[in-house]
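One structure is given here, and the rest of the page talks about it.
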Protein chains: 2
Amino acid sequence: MGQTDTVTRILDTAEVLFAERGFAETSLRHITSKAKVNLAAVNYHFGSKKSLIQAVFARYLTPFTERFHAALDELETRYAGEVIPLEVLLETMARTVLEVPAERNSLKVFMRLLGLAYSQAQGHLRRYIQEEYGSVFSRFTELVRRATPDLPDAERFWRLHFMLGTVIFTLSGLDALRDIAEKDYSDRVSVRELVRRMRPVVVAAMSAPLPDTVVATAEAS
Amino acid sequence: MGQTDTVTRILDTAEVLFAERGFAETSLRHITSKAKVNLAAVNYHFGSKKSLIQAVFARYLTPFTERFHAALDELETRYAGEVIPLEVLLETMARTVLEVPAERNSLKVFMRLLGLAYSQAQGHLRRYIQEEYGSVFSRFTELVRRATPDLPDAERFWRLHFMLGTVIFTLSGLDALRDIAEKDYSDRVSVRELVRRMRPVVVAAMSAPLPDTVVATAEAS
DNA sequence: CCTGATGGTAAACAGATGTTTCAAATGTAA
DNA sequence: TTACATTTGAAACATCTGTTTACCATCAGG
């Protein structure tokens, strides 16, 4: 314990390398050499590269789900059975997402990791995240359901994922997009600023009018 | 030329494997064995794996940009200097995107590839796509600019990318999302149906009210 | 027939990958 | 100190990676 712990030094290095280059493109040798740790340390402490990847996510997701559950608890007691407005729900989620990584590394890394979790092959990761942290998301969507009673269930499901795409895509590709925005519009924007800009867009998207008429899915009932 | 050409057999196999597992996770041996082609054929016909990846994209993007340019030409003559409404622009783009892959493989593969192009490391890919096909996108955004005159340039830029995130995220992760939607809401949805549902959402998002007040970027002018 | 490409093939190459092994170091408790 | 468990270390392991080499088949034009 003379310096920082070997385990956390591996995690710290792994998360930024994963975020920069993806999982398959980041070798254990790259991680361990940059972290100034022996190569075998990863397999000793985590068992495998897969488990390392999951551990990197757990370090973000575990505190996030805890805080988000707490925030939702507080919201539910504050509104005491009344319907919590959509704006409040979204605002709460945004605040929690912004809070958690602030303690450790940057939000950018967290979002980039989330984006990778969806886009990279890594089927084990999606399964792990779903099984381990799916409950908060279910609770949140249930509250959103009460906040948007006239939206058909399927429609709300899709729109929530539309917006999830907006957030993850934008925040995970942040650096590239920010470069373009800065060059073309001299618009240097922070993450918080971006989230602020997203709010009215997301609210408008969720409360958009329904599409013309449902035709194709008629026989699915 | 006894059977299908070696080159197209490689491309056909590569594009679905890339879409399924990503670029780094797909080996040339996997591609060539499934395509029943010799391993060396890839390097013989394409030169390298990098060039193979670019060739896979070119096969989609080249016809797409051609058609999209043509569609925009037709729109501009039809509206003869008048401003083309936002809905028409979006509808045109959606139609072109739906048309092109219909000729060859499924739209899903194309979208998944696009999503990978953004999220995977592969810096060479982003550069290639930008240099080769950036012109159509610039032309499109200029038309969108005229269609939304009261939107600040930077705001429009970000909202367009918000919506790009919606489309790519949803359509590239389509299979997983569709499984959930079908299980939870018995809502079996086609790609065209999904695009139809996206339209009002995208329009509402683009014409959402501006965020409260711009503070952080004030000194950037 | 010969010549010279062109496309295909098997084998080898050089290097990187995740993982394992086992001995040395370190810390901890008796 | 002794005895034991935990942690580090260097090296090897087996496998997989993209790429190259050299050889064979086919077929056109002289």
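Numbers restart at 1 for each chain; the letters A, B, ... are given by sequence-line order, proteins then strands. Hydrogens, waters and symmetry mates are skipped; everything else that's a heavy atom, side chains included, is used.
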### Query
Does C:dA16 have OP1 or OP2 sitting under 4.0 Å from an N or O in the side chain of A:S27?
no
Atom NE2 of B:H30 and atom P of D:dC16 are separated, to the nearest Å, by 13 Å
Contacts satisfying side chain to side chain donor-acceptor pair (under 3.5 Å) that involve residues 31-55 of chain A (not counting sequence neighbours) are A:S48-A:S51, A:Q54-A:H124
- Query: When the ring planes of A:F57 and A:F23 are compared, do they come out parallel, tilted or perpendicular, using 30° and 60° as the limits?
  - Reply: tilted
Between A:R29 and A:V37, the residue closer to the 5' end of DNA chain D by nearest nucleotide is A:V37
Across the strands shown, which category fits A:T26 at heavy-atom distances under 4.0 angstrom: base, sugar-phosphate, nothing? sugar-phosphate
Between CG of A:L28 and P of C:dG18 the distance, given in whole Å, is 4 Å
Rounded to whole Å, the CD1-P distance (B:I31 to D:dC16) equals 17 Å
A:D5 atom CG is separated from C:dT26 atom P, nearest whole Å, by 17 Å
Taken to the nearest whole Å, NZ/B:K36 to C1'/C:dG8 is 17 Å
Within residues 38-49 of chain A, the residues having a heavy atom closer than 4.0 Å to DNA chain D are A:N38, A:A40, A:Y44, A:H45
Do B:R67 and B:D73 meet the salt-bridge criterion of a basic N to acidic O distance under 4.0 Å? no
Quick one: sort the A:F157 and A:H161 rings into parallel, tilted or perpendicular, breaks at 30° and 60°. tilted
| said: Does a side-chain N or O of A:T6 approach OP1 or OP2 of D:dT7 to a distance below 4.0 Å, or not? | reply: no
Taken to the nearest whole Å, CG/A:L52 to P/C:dT17 is 15 Å
Original post:
With side chains defined as the heavy atoms from C-beta onward, is the minimum distance between A:L171 and A:R112 less than 4.5 Å?
Top reply: no
Which of parallel (below 30°), tilted (30 to 60°) and perpendicular (above 60°) describes A:W158 and A:F162? tilted
In whole angstroms, the gap separating C1' of D:dG18 from CZ of B:F18 amounts to 12 Å
